[in-house]
Number of protein chains: 2
Amino acid sequence: MNNMTTARTPVPDTARRLPEAERRLSLRERKKLKTRTAIRDATYRLIKEQGYEATTVEQIAEEAEVSPSTVFRYFPTKEDIIITDEYDVLVEDLLRSRPADEPVLESVRWAIRQSMAMQVADTPEYAQEEMKLRTGLMVSVPAVRSRAMESMSVTGRLLCRVLADRTGRDPDDLEVRVYAMGLMSALLEAVLYWAERDYQDDVLDLVDRTLSTFSNLARRSPDDGHDILTG
Amino acid sequence: MNNMTTARTPVPDTARRLPEAERRLSLRERKKLKTRTAIRDATYRLIKEQGYEATTVEQIAEEAEVSPSTVFRYFPTKEDIIITDEYDVLVEDLLRSRPADEPVLESVRWAIRQSMAMQVADTPEYAQEEMKLRTGLMVSVPAVRSRAMESMSVTGRLLCRVLADRTGRDPDDLEVRVYAMGLMSALLEAVLYWAERDYQDDVLDLVDRTLSTFSNLARRSPDDGHDILTG
DNA sequence: CACCTTTTGAGAGTTACTCTCATTTCATGC
DNA sequence: GCATGAAATGAGAGTAACTCTCAAAAGGTG
């Protein structure tokens, strides 16, 4: 592959990320953002060419034009370079912006759609491709999948807090936690399903089906096709 | 700590494990089982004394009186020494032994109780302690927790197959997978909850509450305390 | 006992990750 | 513009989890 940029044109994709929020930051903060995305872009580029295992952190550092130390300062593990997303806070805000009497699953559905739309808006050309690469790695690389599950459980705790606020329960309540983790895990499974089938389905459609399955669990009638699981 | 056994008395706990199945195996197979449990016992012993991070595979090898190479031959990663369980096949058999028209969650509840009872029967003195150590490590060591989630998702696939057989669906059906993974993940969360609270609750009680939460998801009435989550 | 297969140990090598310290780069008050 | 302090970076050494290879040992079988 030689459609990659030469060293003379460092990290070209960088400029496209975080177009608005990037302003009004100190030079230092802007530089930090730049190296962060430079590292991530370099990682995606190399992995696309060579695969995950064949790509070492040293190579990533070189490609991103930083030292290996810096890579580890920005991302605690190699998997984090791929998985870490900054959208968790966003999702929490989105969830909290919904009326408290809306069914939880509706709020979640809306928050997912909204956050995906915003990601696409941030980086139109790359959002889809990056998401495919990421989920593909979740399927093929156990370490990445593990890290994704960890990250998902963090999002689960977030959902716990929202649920707790809505229902007046404790966020550490067993029932709250079980519900939140079950839901998050189901959603992750949907994404894995999407990647395993070579992204043929519409992700949002899979999300809808997942949420439906989740809300229909207790019904016994086999009339809508999503609810005969409980026997 | 000097209640540890000397090198002259190698792996004393070993003899207690797998008391029945161990016979009728060739000498080779028996030896393999022995080293396997020797490694595991050594690991638990060392971790109890020194903690997880401080315990290296080299130390484990020495304590188990094998070479480091052998340790890695038996367990692909250090976390696997702690997490790997041989009870998955057992659980599948247990699930399949139930009548096909029994509600799934009932079968699961029964299978969990049964498999726990059998583990206790296998190694009465150590079963509880080992389970506590293991779940404690899931809470405190991210790598172990990740590995546990991976292992859980394998069990989830198993549940998919059982569900598929029962409902006549495909085991790769999105709804089947989402249901199975959601349930498994919820159960794992219950165990983590148990460990986080210093094992004060009865695990089986937590399992029951988890399964109840799962089966009550779609109901709206706030009358039994487990079901107002869907708002 | 001899022959073949499986298991083991020894050792070298890779790589992710950690820690420390000196150097550079940015922010700020003058 | 410049001095001073703080934050970010780079360089390098070190650790430990794995991987691979190959020769020695042990088990199974005629």
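Every chain is numbered from 1, with letters handed out A, B, ... down the list of sequences. Fair warning: this is a prediction, and the values are worked out from it, not measured in the lab. Just so you know, these numbers use all the heavy atoms, side chains as well, and skip hydrogens, waters and symmetry mates.
Comparing the local axis fitted to the first five base pairs of the helix from C/dC1-D/dG30 to C/dC30-D/dG1 with the one fitted to its last five gives a bend of 20°, rounded to 10°.
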Can I get a per-line list of side-chain donor-acceptor pairs under 3.5 Å for residues 133-144 of chain B, giving both atom names and the distance, sequence neighbours left out?
from   : atom 1 : to     : atom 2 : distance (Å)
B/T135 : OG1    : B/M131 : O      : 2.9
B/T135 : OG1    : B/K132 : O      : 3.1
B/S140 : OG     : B/G136 : O      : 3.2

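Residue pairs meeting the salt bridge (charged side-chain N to carboxylate O under 4.0 Å, His left out) criterion with at least one member in residues 68-82 of chain A, sequence neighbours excluded: A/D80-A/R147. The stretch residues 151-160 of chain B participates, sequence neighbours left out, in these salt bridge (charged side-chain N to carboxylate O under 4.0 Å, His left out) pairs: B/R157-B/D172. Listed by first and then second residue, the salt bridge (charged side-chain N to carboxylate O under 4.0 Å, His left out) pairs that reach into residues 183-195 of chain B are A/R177-B/E189, sequence neighbours excluded.
The closest donor-acceptor contact from the side chain of A/T37 to the backbone of A/K34 lies under 3.5 Å. Using a distance-only test at 3.5 Å, with no hydrogens or angles considered, a donor-acceptor pair links the side chain of A/S153 to the main chain of A/E150. Between the side chain of A/Q59 and the backbone N or O of A/T56, at least one donor-acceptor pair lies under 3.5 Å.
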Under 4.0 Å protein heavy-atom contact, by nucleotide of nucleotides 7-18 of chain D - B base, S sugar-phosphate only: BSBBBB---SSB
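B/D80 has its CG atom 16 Å from the C1' atom of D/dT19, to the nearest Å. Here the P atom of nucleotide D/dA26 and the NZ atom of B/K34 are 15 Å apart, to the nearest Å. As a whole-Å value, the separation of A/E62 CD from C/dT15 P is 14 Å. Per the geometry, CZ belonging to B/R30 stands 14 Å off C1' belonging to D/dA26, to the nearest Å.
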CA sep, side-chain torsions, deciding dist, call: A/V108, A/L187, side-chain contact (heavy atoms from CB on, under 4.5 Å): CA-CA 10 Å; A/V108 169; A/L187 288 168; 4.3 Å; yes
